[in-house]
Amino acid sequence: MTAPGRETLLAALALAVHAPSVHNTQPWRWRFGRRSVHLYADPLRWLPATDPAERDLLMSCGAALHHARVALAALGWAGTVHRLPNPAYPDHLAAIELHPREPSLEVLAMATAIPHRRSDRRRYASWPVPQARYREYSGLAAAEGVVLHVVSQGRDRTRVVEAIAKADQLQRSNPQAAEELARWSGRGRWAEDGVPAASVSEAASYGDLRLRPYAGTPDTPGPSDGAGELLVLGTASDDRVAALKAGEAASAVLLAATTDGLASCPLTQPLEVGSTRARMTDVLGGDLVPHMIIRIGWPTLAGHPLPKTPRRPADEVLDPQPA
Ligand SMILES: Cc1cc2nc3c(=O)[nH]c(=O)nc-3n(C[C@H](O)[C@H](O)[C@H](O)COP(=O)(O)O)c2cc1C
């Protein structure tokens, strides 16, 4: 059977590293096999105070795994994914076994969206997102084994925004979490990782929604509207594979939203703190494990394209030895 050339694998990896990650830590390493691509967690890039259970790290790697699958598929190599293929080595998160296949138009559109997606922390316009979009995004999440819950206005919404505000208050008073946030954000143009100063929000909140206070975020509230709509991703089980799949589903939804011209941003503060995590479990009805909130909405007409956030290049995250 034919195998992909090294140039093809490097091109796919160059797209995969555009994946979103918590505080832009990019906590991944990669290896190439002859007909396979392997993803490893990079524990040196874990945020112990912000993300004690490693869920954000696993979701970030899940997003990169989905980006890699899309990129490889667009280059003519469909993948069968084996998650946590080696129980003795839990940092080996996935092996993607490759088979030649013509790319579909859907996969090409998703791959095209990869370099254009941004975590948009600005005010959103007030036009509603059509329900048909949510049906499509639910289908994409379901294909990854993840439930997408659209947060309705009223009690549901109040519970989610209150959980975000409470988690923010608790994290601000946790010196280790505050130190991690300060260390990983407000960075200048030379940095290869972290959240750049140019990408933080222009206000502490929009409407009812408090935003993560990266270094450089003003302390003053923004306009009383423009928070956008909220989606929550949940899974039936609570283990490393579930967190990985939640990241894959997040990537699918964020890329589809980008293709649709929507602005979006992952939000995870209330999932990082025990007490607010319990509140988020209630929002999902008690039976599902919450992983991530996705803020979504139309960009305002005044919105200019957001600057690209930095990434470590593919050759820096690729281990030279074969898998
Ligand atoms: C697991 C995870 C958690 C995140 N949590 C937040 C968050 O709470 N607030 C926020 O504004 N961005 C959050 N982000 C977005 C990252 O900060 C963003 O992906 C990273 O800075 C790279 O920027 P980009 O998405 O524009 O490429 C999160 C992303 C991931 C994958």
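Keep in mind that this is a model prediction, so the values were computed, not measured. Whatever order the structure lists them in is the order used to number ligands and atoms, beginning at 1.
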Pick one of side chain, backbone, both or neither for how [X] approaches ligand 1, counting any non-hydrogen atom pair under 4.0 Å.
X: V195; answer: side chain
X: T309; answer: side chain
X: P266; answer: both
X: R311; answer: side chain

Per-atom contacts of ligand 1 with S60, taking only distances under 4.0 Å to non-hydrogen atoms: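 Those atoms are 1 (C), 31 (C).
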Below 4.0 angstrom from a heavy atom of C265, which ligand 1 atoms are there? Numbered from 1 as shown, please.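 It comes down to these atoms of ligand 1: 10 (C), 11 (O), 12 (N).
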R83 CZ to L65 CG distance, which is reported to the nearest 0.5 Å: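 These two atoms lie 6.0 Å from each other.
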Quick one: pull up CZ in R295 and CD in E229 and give me the separation to the nearest 0.5 Å.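 R295 CZ to E229 CD: 11.5 Å, rounded to 0.5 Å.
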Going by the side-chain contact (heavy atoms from CB on, under 4.5 Å) test, name the single residue among D168, I164, L170 that passes it with P270.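 Only one option passes, and that is I164.
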Testing L13, L98, V107, L15 for side-chain contact (heavy atoms from CB on, under 4.5 Å) with L72, which one passes? L98
With nothing but distance in play, are any N or O atoms of [X] less than 3.5 Å from an N or O of ligand 1?
X: S21; value: yes
X: R212; value: yes
X: S119; value: yes

Less than 3.5 Å apart, any donor N or O on the side chain of H116 or T258 sitting next to an acceptor on the other? no
Is the shortest distance from a Lys or Arg side-chain nitrogen in E136 or R133 to a carboxylate oxygen in the other one below 4.0 Å?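 Judged by the 4.0 Å cut-off on N to carboxylate O distance, E136 and R133 do form a salt bridge.
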Does the cation-pi check pass for R6 over F32, that is, NZ or CZ under 6.0 Å from the six-membered ring centre and within 45° of its axis?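 The answer is no; the distance or angle limit is not met.
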